[in-house]
Amino acid sequence: MPARPLVALVGRPNVGKSTLFNRLVGERLAVTNPIPGTTRDRLMSEFEWRGVVFRVVDTGGIEIYEPKGVRDEHPLAEGSSDFVPLIRAQALSAVQEADVLVLLVDALVGVTGADEEVAEILRRTEKPVLVAANKADHASHTGNAVDFYALGVGDVYPVSAIHGIGVGDLLDGVVAALEANAELTPEATFESEDDERLKIAIVGRPNVGKSSLLNRLIGSERVIVSPLAGTTRDAIDTELTFYGEQVLLIDTAGIRKRGKIEPGVEQYSVLRSMNAIERADVALLVIDAIDGITEQDQHIAGYIIEARKSVLIIVNKWDAVDKDAYTMTTFQKQIDEKFNFLPNPPVIYISALTGQRIHLVLEAAKRIWEARHFRIPTGELNRLIRDAYSKHPAPGHGTRRLKLMYASQVRTNPPLILIHVNDPRLVHFTYKRFLENQIRAEYAFEGTPISLSFRARSGLDK
Ligand code: GDP
Ligand code: GDP
């Protein structure tokens with residue numbers, strides 16, 4: 001499935017982008033289960049409005065991923081005259097990736113020079129733009145909102161992100177803009193359901209060796225690279241055959257091109273990586289063995305899991321590490337600690353430079369992909385759950401105690417297990433984790449997130 005259509009919230013600082021974003025999240029329109037306090041949550045979320053599913057990104061939130069040093073200049077700073085060069089690659093890339101743009105302005109302040117500059121950039125994209133005149137907290141303020149038609153980019157919607165006023169109308173406008181573009185209607189955003197190819201994204205910080213790895217993979221003798229078909233979609237991906245199996249490397253265009261220019265100049269785009277992750281089944285998270293595990297590596301790992309994708313950790317540049325008998329164990333400890341939120345992630349220590357252990361990469365990806373598609377037979381699953389329960393019955397809440405009735409795996413890719421219980425409210429997250437661990441002890445589901453969903457048993461005797 002390709003990524004859902006993307007709506008970007010754009011505007012100079014302090015107009016209320018993050019307030020609006022949080023308002024959307026708070027309205028529980030979110031389809032995905034946002035994990036509180038995680039980065040992806042703050043940056044991008046998936047919503048449904050009138051049956052249309054789309055993602056919203058807060059471009060104000062993207063700056064936190066900028067490399068150190070440039071953090072202080074804001075891309076859309078108010079009144080900055082040399083504002084265009086200051087536009088950060090990240091915010092701009094969000095604008096480029098987006099299908100619909102929402103330009104936020106401050107209805108209390110009125111049109112500013114910075115608003116005009118942002119509007120000009122948006123106009124050049126020729127994408128649909130909606131203007132949200134925010135801070136229209138009272139009916140009297142909405143009067144100013146019409147002034148923003150002067151920006152000449154699109155219809156103006158007075159809203160109050162703080163009070164939730166006008167947000168529904170704005171979303172109606174967003175959905176209408178998405179629907180006006182036939183390609184973006186939900187049905188059309190699904191790649192054919194029978195696209196059962198293994199889809200892999202290569203992700204990681206700049207300079208960790210993604211393009212070197214890609215070149216090694218497509219240069220490998222076990223791999224046949226298909227000639228590119230003429231469509232633009234295909235041009236960004238690389239198609240392979242690996243032991244007779246069709247493999248799609250997702251969005252390799254940037255990585256490929258980069259291999260040909262000098263290293264170190266990649267315009268790292270968080271949005272682009274996230275889109276690649278959303279389209280993939282398995283993400284190869286490339287880590288630089290020299291640097292160890294950085295915070296940004298953890299952020300990217302976070303996206304992968306929150307998108308419910310499988311992960312394979314690739315520790316690259318292993319050739320450049322001074323090794324003794326304990327080096328790998330020490331590194332593995334670091335991985336266990338810093339990636340403790342990843343589900344049984346397999347790790348491969350490679351050198352894209354020398355080719356060491358490269359041949360294991362696609363094999364592991366394929367193994368993970370098979371795990372993603374594995375279905376636990378219902379009989380075995382119920383036996384397992386029963387054993388777990390008798391080993392460690394759920395703690396009681398007052399007089400009531402959780403009872404597990406019946407379990408079945410209702411979905412694969414990624415796995416979803418439904419457990420019927422007497423009362424889902426009695427399920428404590430520690431017990432859920434316990435059950436997941438019991439399942440994983442038997443079925444590793446390497447690198448793959450599994451979901452446990454609890455349903456009330458239907459009937460009178462709850
Ligand atoms: P951002 O920089 O564009 O993300 O802006 P923020 O969301 O951080 O908001 C900037 C300021 O505007 C904060 O102090 C918000 O409380 C305030 N603000 C945001 N939305 C509204 C609104 O609807 N009405 C009013 N009165 N203030 C708002
Ligand atoms: P990307 O930005 O993640 O695509 O990284 P590149 O593939 O362009 O590599 C960045 C730099 O790391 C280049 O100078 C590569 O030669 C170097 N590099 C990549 N893989 C390895 C490796 O396995 N060992 C060593 N020593 N250097 C590597």
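Just follow the structure's listing: the first ligand is 1, and inside any ligand the first atom is 1.
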Has ligand 2 got any nitrogen or oxygen that is less than 3.5 angstrom from a nitrogen or oxygen of [X]?
| X | result |
| --- | --- |
| D319 | yes |
| A352 | yes |
| G209 | yes |

Number the atoms of ligand 2 from 1 as they appear, then name those within less than 4.0 Å of a heavy atom of [X], with their elements.
| X | result |
| --- | --- |
| N207 | 1 (P), 2 (O), 3 (O), 5 (O), 10 (C), 12 (O) |
| A320 | 26 (N) |
| K210 | 1 (P), 2 (O), 3 (O), 4 (O), 5 (O), 7 (O) |
| P206 | 2 (O) |
| S211 | 1 (P), 4 (O), 6 (P), 7 (O), 8 (O) |

- Task: Go through W49 and V174 one step at a time and tell me if the side chain to side chain contact (heavy atoms under 4.5 Å, CB included) criterion holds.
- Result: CA-CA 9 Å; W49 184 253; V174 165; over 6 Å; no
Next item on the list: Number the atoms of ligand 1 from 1 as they appear, then name those within less than 4.0 Å of a heavy atom of K17, with their elements.
Entry: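 Answer, ordered by atom number: 1 (P), 2 (O), 3 (O), 4 (O), 5 (O), 7 (O).
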Note to self: List ligand 1 atoms under 4.0 Å from S160, heavy atoms only on the residue side.
What the structure shows: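 Those qualifying, in numeric order: 23 (O).
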Is it the case that ligand 1 has an N or O less than 3.5 angstrom from some N or O of [X]?
| X | result |
| --- | --- |
| I162 | yes |
| V159 | no |
| D137 | yes |

Taking C-beta and beyond as the side chain, do L240 and I218 meet within less than 4.5 Å on heavy atoms?
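Answer yes - side chains close enough.
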Can you pull out every salt bridge (charged side-chain N to carboxylate O under 4.0 Å, His left out) where at least one residue sits in residues 290-299? Sequence neighbours excluded, please.
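Output for this query lists R205-D291, R205-D297.
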Can you tell me how far apart CD1 (I313) and CD1 (I293) are? Round to the nearest 0.5 Å.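 So the gap between those two atoms works out to 7.0 Å.
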Residue K333 excluded, over 12 heavy atoms near NZ under 6.0 Å: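 Not buried by this count: 12 neighbours or fewer within 6.0 Å.
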Legend entry - Residue pairs involving residues 352-361 (criterion side-chain hydrogen bond (donor to acceptor under 3.5 Å, both in side chains); sequence neighbours excluded):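 For residues 352-361: S351-T354.
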| message | Let's go through T112 and D115 carefully: what are the C-alpha distance in whole Å and the side-chain angles of both, what is the deciding distance for side chain to side chain donor-acceptor pair (under 3.5 Å) to 0.1 Å, and is it a yes or a no? | response | CA-CA 5 Å; T112 70; D115 293 334; 3.3 Å; yes
Open item on the list: Would E239 and R197 count as a salt bridge (charged side-chain N to carboxylate O under 4.0 Å, His left out) here? Give the steps.
Closed with: CA-CA 10 Å; E239 262 179 53; R197 285 178 295 184; 3.6 Å; yes
Do the ring planes of H163 and H138 sit parallel (below 30°), tilted (30 to 60°) or perpendicular (above 60°)?
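If you compare the ring of H163 with that of H138, the planes turn out tilted.
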Measuring from atom 8 (O) of ligand 1, which candidate in G11, S18, G16 has the nearest non-hydrogen atom?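 Looking at heavy atoms only, the winner is S18.
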Q.
With salt bridge (Lys or Arg N to Asp or Glu O under 4.0 Å) as the test, pick out the partner of E446 among R440, R367, K366.
A.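 Exactly one option meets the salt bridge (Lys or Arg N to Asp or Glu O under 4.0 Å) with E446, and it is R367.
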- Which bit of D58 is near ligand 1, meaning a heavy atom under 4.0 Å away: side chain, backbone, both or neither?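 Contact part for D58 vs ligand 1: neither.
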